[in-house]
> 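Just dropping this structure here.
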Protein chains: 2
Amino acid sequence: MFQGEYTNNMDDKGRVNIPAPFRDVLLKNYDDSSIVVTRDPYAPCLRAYPQREWKRLLSKVSARPSNDRTVIAFKRTVISSAQEYAPDKQGRVLIPQNLRDYASLSKGSVFAGSLDTFEIWDVSAWDAQLASSLSLLQDMDLDF
Amino acid sequence: MFQGEYTNNMDDKGRVNIPAPFRDVLLKNYDDSSIVVTRDPYAPCLRAYPQREWKRLLSKVSARPSNDRTVIAFKRTVISSAQEYAPDKQGRVLIPQNLRDYASLSKGSVFAGSLDTFEIWDVSAWDAQLASSLSLLQDMDLDF
DNA sequence: AACAAGCTACCCACTTTTACCCACTAACCG
DNA sequence: CGGTTAGTGGGTAAAAGTGGGTAGCTTGTT
């Protein structure tokens, strides 16, 4: 389970450090430190999947009719941009330019746990999202 | 059951002491002194869950449709920021910067029991909240 | 085909942060 | 009044995060 929110800096080479607690989860629960990083189609951020969760997503997609418009769109945006990354010895991965652009990642990067996956945001986009999520919640009473 | 109101000081390192009565409850009723601390979406304070209560919340959330706007907002604000903390030998936990910011915690911190969970407030925010809660109650007669 | 340029993976070194431990003071209780 | 427990402050070793050099690969060009 990925939980918690961490801010790490991307360096000039485009590398970001995966927060240590997330690396622990990858190793302990998935015993495989590599992740699949891709666009999140619903928000301007990236989403990282452990190998196993990514396979689950893939099989869900292939269960759908392949000529469906939304399935095609999903394949183009999410699946095509997906790439597998193995962190280096320091626990960093290199985010390619196209994904960096998509999430407007520059330096401060927020890693937000989301149970089976985790999200990667630019810090200013994260702050904006957080503010709007909070105001949304304050109106709707969710009784959690 | 967490009850009572206690004020403790956060030190320069960002550590706060969990009031001893709360630690007792954790050990006696949950036999696990670790807690999950996260944002409270409805007020500028933090909320601490014993492990078991946190799991209950998680299962309530995952029972909801995962594409619901408010559920997504809840995940981002509450679940993402949630982190598990085991108190040190003195009974303190380190509150990370993002949560400190959210609740404007600086030094004087109020721990307020809330039955299954407890809240952590900055002392001035607590005072303000208390005043407005009181005036709200004086208008509505709840016959407790 | 050979060479140059750029990129990337890997490695090493440094800085910052955090977890853990110990010691002190203040409050409470008998 | 002494003893015990709660709360506070701070030192230090380990871990996490950061910056950068270099060798080797890929790519593209003459």
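A quick note: this is a predicted structure, and the numbers were derived from the prediction, not measured. Letters go in sequence order (proteins before strands), and every chain restarts at 1. Heavy atoms only: backbone and side chains are in, while hydrogens, waters and symmetry mates are out.
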> State, without any angle test, whether B/Q51 and B/Y49 hold a side-chain donor-acceptor pair at a distance under 3.5 Å.
no
> Could A/E5 and B/R39 be called an ion pair, given the rule that one side-chain N must be under 4.0 Å from one carboxylate O?
yes
> Within this structure, what is the OG-CH2 distance for the pair B/S104 and B/W121, rounded to the nearest 0.5 Å?
10.0 Å
> Could you walk me through whether A/R92 and A/Y85 pass the side-chain contact (heavy atoms from CB on, under 4.5 Å) check?
CA-CA 9 Å; A/R92 290 176 292 193; A/Y85 298 100; over 6 Å; no
> Do any of residues 2-18 of chain B sit with a heavy atom less than 4.0 Å from DNA chain D, and if so which?
B/N8, B/N9, B/D11, B/K13, B/R15, B/N17, B/I18
> Starting at CZ of A/R15, measure out to CG of A/N8 and round the result to the nearest 0.5 Å.
13.0 Å
> We want to know whether A/T38 and A/S81 form a side-chain donor-acceptor pair, criterion being a heavy-atom distance below 3.5 angstrom.
yes
> For residues A/M10 and A/S106, report the shortest heavy-atom separation together with the two atoms involved.
CE-O, 2.9 Å
> Just the endpoints, please: which first and last nucleotides of DNA chain C, 5' to 3', lie under 4.0 Å from a heavy atom of chain A?
C/dT8 to C/dC12
> Could you give the distance from CZ (B/R100) to CG (B/L46), rounded to the nearest 0.5 Å?
10.5 Å
> B/S132: which residues meet the side-chain hydrogen bond (donor to acceptor under 3.5 Å, both in side chains) condition with it, sequence neighbours left out?
none
> Students often mix this up, so state it plainly: with edges at 30° and 60°, are the rings of B/F111 and B/F118 parallel, tilted or perpendicular?
tilted
> With each end axis built from five pairs of C1' atoms, what bend angle do you get for the helix from C/dA1-D/dT30 to C/dG30-D/dC1? Round to 10°.
20°
> Could you tell me whether B/R64 and B/D68 have a side-chain N and a carboxylate O separated by less than 4.0 Å?
no
> Please list, in numerical order, the residues of residues 94-120 of chain B that have a heavy atom closer than 4.0 Å to any atom of DNA chain D.
none
> Hey, could you give me the OH/SG distance between A/Y102 and A/C45, rounded to the nearest 0.5 Å?
7.0 Å
> Between B/P19 and B/D88, which is nearer to the 5' end of DNA chain D once each is assigned its nearest nucleotide?
B/P19
> Short question: side chain of B/S80, backbone of A/G113 - any donor-acceptor pair under 3.5 Å?
yes
> Would B/F22 and B/V110 show up in the same hydrophobic cluster when neighbours are defined by side-chain heavy atoms closer than 4.5 Å?
no
> Taking 5' to 3' order, which nucleotide of DNA chain D is first and which is last to have an atom within less than 4.0 Å of a heavy atom in chain A?
D/dA16 to D/dG21
> Assess the side chains of B/R76 and A/S133: does a donor N or O sit below 3.5 Å from an acceptor N or O?
no
